[in-house]
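One structure is given below, encoded as structure tokens.
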Amino acid sequence: MLGKGVVGGGGGTKAPKPSFVSYVRPEEIHTNEKEVTEKEVTLHLLPGEQLLCEASTVLKYVQEDSCQRGIYGKLVCTDFKIAFLGDDESALDNDETQFKNKVIGENDITLHCVDQIYGVFDEKKKPLFGQLKKYPEKLIIHCKDLRVFHFGLRYTKEEEVKRIVSGIIHHTQAPKLLKRLFLFSYATAAQNNTATDPKNHTVMFDTLKDWCWELERTKGNVKYKAVSVNEGYKVSDRLPAYFVVPTPLPEEDVRCFQGRGIPIWCWSCHNGCALLKMSALPKEQDDGLLQIQKSFLDGIYKTVHRPPYEIVKTEDLSSNFLSLQDIQTAYSKFKQLFLIDNSTEFWDTDIKWFSLLESSSWLDIIRRCLKKAIEITECLEAQNMNVLLLEENASDLCCLLSSLVQVMMDPHCRTRVGFQSLVQKEWIMGGHCFLDRCNHLRQSDKEEHQRQLSLPLTQSKSSPKRGFFREETDHLIKNLLGKRISKLINSSDELQDNFREFYESWHSKPTDYHGLLLPHIEGPEIKVWAQRYLRWIPEAQILGGGRVATMSKLLEMMEEVEHLQEKIDERHHSQGALPAEAPSLLRSSARLSSLFPFALLQRHSSKPVLPTSGWKALGDEEDLAKREDEFVDLGDV
Amino acid sequence: MASAPTSKYNSHSLENESIKRGTFFILIDKEVIYICPFNGPIKGRVYITNYRLYLRSLETDSALILDVPLGVISRIEKMGGATSRGENSYGLDITCKVRDSVLSYEGHSRRDMFEILTRYAFPLAHSLPIFAFLNEEKFNVDGWMVYNPVEEYRRQGLPNHHWRITFINKCYELCDTYPALLVVPYRASDDDLRRVATFRSRNRIPVLSWIHPENKTVIVRCSQPLVGMSGKRNKDDEKYLDVIRETNRQISKLTIYDARPNVNAVANKATGGGYESDDAYHNAELFFLDIHNIHVMRESLKKVKDIVYPNVEESHWLSSLESTHWLEHIKLVLTGAIQVADKVSSGKSSVLVHCSDGWDRTAQLTSLAMLMLDSYYRSIEGFEILVQKEWISFGHKFASFPTAFEFNERFLITILDHLYSCRFGTFLYNCESVREKQKVTERTVSLWSLINSNKDKFKNPFYTKEINRVLYPVASMRHLELWVNYYIRWNPRIKQQQPNPVEQRYVELLALRDEYIQRLEELQLASSAKLSDPSPSPSSPSQMMPHVHTHF
């Protein structure tokens with residue numbers, strides 16, 4: 001099959017290496033080209049979207065049954081996306097009906113979704129940046145959503161190659177002005193239709209009323225009040241215009257340090273205990289200023305810590321928990337495991353998959369986040385304590401942990417509207433620096449770090465336990481809050497025991513899905529979220545299998561029951577004989593891929609995928625391998 | 001092997017069975033201290049019957065702590081002496097098969113307990129009958145009737161023009177480890193079979209396991225050819241394989257899958273074995289599947305035990321799991337079975353599978369391939385037949401197809417539990433000839449009697465019957481997981497999965513659907529009755545059905 005890679009032949013082009021072979025014969029190209037001209041695929045532009053550059057006769061490679069096939073088409077770049085327009089069978093119309101929520105097409109890559117661009121020069125893969133002296137024969141785009149695109153440019157006119165490659169590089173890598181972001185031109189051009197059902201809409205938390213509503217919902221209004229002291233961002237532009245503080249706290253205090261050192265309310269538990277967050281005061285060298293800070297905090301502290309009526313436990317996330325750098329490093333390693341260029345790479349990494357996964361530490365980070373959230377939950381729920389999260393700006397790990405705690409404790413946050421409101425409350429209004437963390441303006445590489453913070457939240461639906469709890473010697477708190485307060489921090493042993501008891505007793509009881517939910521945190525229970533991370537890898541798809549098989553059975557049954565119910569109702573109303581009709585079953589679970597609904601059916605054939613690389617060295621079991629077979633009783637093990 | 005009191009797989013509750021059946025009788029009833037590997041010493045009361053050992057806590061609600069059929073005990077040792085100092089240093093150390101070891105301490109004399117346990121845990125060494133022969137349990141269904149080879153072959157459309165049933169092994173004289181009934185090519189005479197037997201290890205000649213209903217390609221199993229160092233050939237064997245190849249009228253070659261790694265197959269020549277060479281078998285193509293032998297597998301399983309008992313390795317769970325190689329073995333077996341299934345399903349050629357003697361790896365491959373190919377084996381009875389017919393070591397390999405199997409996880413775990421319990425005769429002895437000699441079917445109860453009398457407990461509600469659908473699992477580490485609910489179920493820290501919410505909801509919906517269908521039928525009857533009787537009857541709102549809550 002290798003020979004088929006030599007397409008065109010002329011111009012001194014060498015036969016590509018197996019990993020980049022295009023299995024397209026010259027005759028296929030001709031027929032395909034004809035088809036392209038016949039079936040002109042039109043580019044769908046959003047309102048306000050502009051076409052910037054394009055190139056034709058570009059080959060898009062599709063992985064299929066461990067070999068690659070090519071599709072000819074046009075590659076375009078707009079001010080919103082990169083799109084490939086080809087006659088791709090995998091994007092058949094009947095598949096589209098399964099994806100009613102699809103916003104971006106299968107061959108669309110929004111500019112902000114591009115993670116890394118590589119060029120293939122003489123069979124070597126190199127990252128592409130800035131001005132190019134030489135243009136690649138193949139373009140590989142790794143996306144932030146883990147898709148990998150291979151575009152062959154060998155048959156594209158040189159002028160067009162230059163234009164499209166430099167266009168794509170420029171529009172995905174060069175720094176951008178905020179006002180040039182596509183969403184502004186889109187918003188200007190698009191009709192604003194935000195007609196929402198007032199009863200069933202996301203709470204935006206941009207009015208005093210929204211906060212009062214949330215206080216009322218959680219019965220937090222007894223001890224906490226919404227304030228408008230930051231209206232017009234007079235006090236701080238980091239804080240939202242409206243937020244909630246303890247009732248006894250004087251509003252002037254908020255102004256003292258531009259809202260720093262103030263316990264800001266996140267959520268109230270059914271027993272009246274609250275989850276609070278606080279950003280750190282500026283670091284001072286001067287003793288006099290430190291003294292002022294100390295007495296200020298002492299005063300503040302009394303508003304949430306009034307033993308024996310109310311006790312607060314402080315969690316310092318800046319010094320006693322994961323660093324943002326840890327999270328970023330782990331995620332970069334982790335995502336690399338899913339950005340797979342070809343089948344060979346998939347099977348080569350399969351043998352050492354578990355150790356690769358472990359060395360990324362990503363699952364361990366998930367476990368530690370979940371564990372911390374369970375500890376906080378235990379304080380609130382079992383110890384009747386307020387929990388105060390401390391962090392430099394209270395806008396990274398605070399957002400993550402307070403959201404996790406609320407998802408576990410508050411069933412409202414597990415509804416669609418509730419979850420959206422939670423994101424709005426904790427992340428958008430919570431002041432998470434999306435612009436920097438996601439580096440929307442591509443300012444420099446160092447800003448890129450800390451980007452993936454919101455991911456542990458979405459991944460935490462899986463489950464983890466033990467061993468990562470660090471010594472609770474809290475320097476920051478000691479310094480900031482004085483010795484008296486640091487006594488309040490429990491010793492780690494005690495905490496560990498409380499945690500264990502709480503965790504185990506919850507798991508030993510039957511689950512009420514509308515109450516408190518705790519994730520499993522044991523080693524074998526923390527798994528990769530396959531539907532998210534493996535969704536674009538054809539080798540990893542199980543046809544007719546996976547969790548979707550049971551889910552679609554459930555949905556079918558629900559449809560059937562609803563249909564029967566309607567028939568019964570109609571009978572009661574009309575009393576007449578109704579024509580018997582079969583329930584419309586849209587889904588056919590057998591044919592769906594395990595990655596549905598996140599990926600299209602990419603494998604057309606029902607042939608099995610077979611590993612292409614075999615067995616690792618056995619090591620110390622070599623002598624056993626040489627022994628004769630015998631009839632042995634497995635029970636001796 | 002401490003069974004967690006909450007374990008949902010404690011299917012046999014003592015109160016119901018132990019005393020009322022005449023065959024269970026209590027031998028020992030004493031207070032002891034049990035050293036729980038997970039929770040430390042527990043004071044309890046131990047009972048030993050001629051079938052099992054069980055222990056009730058004297059501390060917490062007399063919870064059942066241990067429930068161990070004596071058959072799973074592999075070793076009993078005395079610990080310390082009567083004068084030993086220190087707490088709990090005098091007692092018995094009991095080790096169980098597959099699962100974990102038990103430390104049991106006694107306050108006073110342990111001699112009688114040791115002797116009784118030793119006698120009843122190892123009955124054959126003490127000239128006592130195995131418990132299965134004493135068991136007088138009665139079930140509604142006779143599990144021994146489940147597997148009838150003639151019927152199973154008939155289901156597959158056999159005999160046909162190309163395959164016949166032979167009684168050559170009726171008295172096990174051709175091959176003592178083969179069943180009495182064999183399916184062989186029509187064109188091979190019994191004399192041919194005898195000559196082929198001389199060239200196959202332990203006389204295990206190639207016989208049919210499964211035939212594709214449409215393309216008529218077959219899966220044939222056997223042991224290795226006796227090639228030896230000198231590279232011996234056997235014309236009859238060569239001809240026999242060619243006859244097999246020709247049965248489906250395909251021109252292509254016969255595919256031989258040798259389950260072993262290449263090097264091992266070569267090494268086997270030294271002991272008289274070997275594999276089919278290209279020179280001798282022109283019309284066959286040989287592939288090695290690189291599956292390791294039982295010793296390597298056992299070592300690997302032992303390592304799995306080390307990482308889950310008594311504590312589950314946590315911070316390095318994945319790398320520890322990887323270092324056991326267990327899932328790698330599973331991956332190779334699965335990959336091999338997929339290849340067998342694909343070859344047969346595509347109709348390209350018939351397949352012959354062997355390893356050395358053809359019972360461990362061969363049976364695994366053929367039965368897994370048959371499970372992929374033939375949806376019948378995914379039903380409860382079909383699976384029982386497959387086990388009875390081919391023997392199967394079942395991992396959690398098909399968890400990725402939650403709607404394709406009629407049975408649930410409990411079914412598999414029950415089978416595995418009774419592999420060692422000695423309560424049923426199903427897994428006694430090594431081959432059919434000995435089982436027949438011992439009259440196992442007359443003198444013992446079948447495990448399938450237990451299961452088939454309570455089928456509902458073992459059913460998967462999501463099961464969707466699909467004839468002729470081939471299942472291809474993905475043999476990638478990305479999808480393989482350790483079977484936690486089997487291998488780590490005794491650890492109270494790893495909690496049993498609570499009833500799956502999706503499954504629960506589905507069962508509720510099924511019940512609702514049946515109720516609605518019945519309701520609709522009643523309404524239909526009522527309205528047809530009304531048509532003949534025109535007097536109006538107002539429908540009351542109270543008759544309306546409550547609406548489905550779709551809060552799920």
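These figures come from a predicted structure and were not determined experimentally. Protein chains get the first letters and strands the later ones, always in sequence-line order, with residue 1 at the start of each.
- Atom-to-atom distance recorded for A:I537:CD1 and B:S476:OG is 8.5 Å, nearest 0.5 angstrom.
- Nearest approach of B:A475 to A:P611, heavy atoms of both residues: O-CG, 3.5 Å.
- Listed here is the closest heavy atom pair of B:V502 and A:L554: O-CD1, 3.7 Å.
- Here NE2 of B:H479 is found 8.5 Å from CD of A:Q541. Values are rounded to the nearest 0.5 Å.
- Note: B:R505 CZ to A:M551 CE = 10.5 Å, rounded to the nearest 0.5 Å.
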Full working for side-chain contact (heavy atoms from CB on, under 4.5 Å) between B:L509 and A:M558
CA-CA 7 Å; B:L509 282 172; A:M558 219 135 97; 4.0 Å; yes
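- Counting all heavy atoms, side chain and backbone alike, A:P524 lies closest to B:W317 at CA-NE1, 3.4 Å.
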Show your working on side-chain contact (heavy atoms from CB on, under 4.5 Å) between B:Q524 and A:R571 and close with a plain yes or no.
CA-CA 9 Å; B:Q524 239 143 13; A:R571 272 203 174 273; 3.3 Å; yes
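- Within a 6.0 Å radius of CD in A:E501, other residues, nucleotides and ligands contribute 12 heavy atoms or fewer.
- Taken to the nearest 0.5 Å, the OG1 atom of B:T464 stands 3.0 Å off from the NZ atom of A:K553.
- Summarising the geometry, atom CZ belonging to B:R513 is positioned 4.0 Å from atom CE belonging to A:M557; distances are rounded to the nearest 0.5 Å.
- Ranked by heavy-atom pairs under 4.5 Å with chain A, the list B:L321, B:V263, B:V470, B:T335 is led by B:T335.
- When all heavy atoms are compared, the tightest approach of A:L543 to B:F401 is O-CE2, 3.4 Å.
- The main-chain N or O of A:A530 is never found under 3.5 Å from a side-chain atom of B:R478 such that the two would form a donor-acceptor pair.
- The minimum heavy-atom distance between B:T403 and A:A549, with the atom names listed, is CG2-O, 3.7 Å.
- Rounded to the nearest 0.5 Å, atoms OH (B:Y516) and NE2 (A:H563) are 13.0 Å apart.
- For the pair A:D350 and B:K331, the tightest heavy-atom approach, listed with the atom from each and the gap, is OD2-NZ, 2.5 Å.
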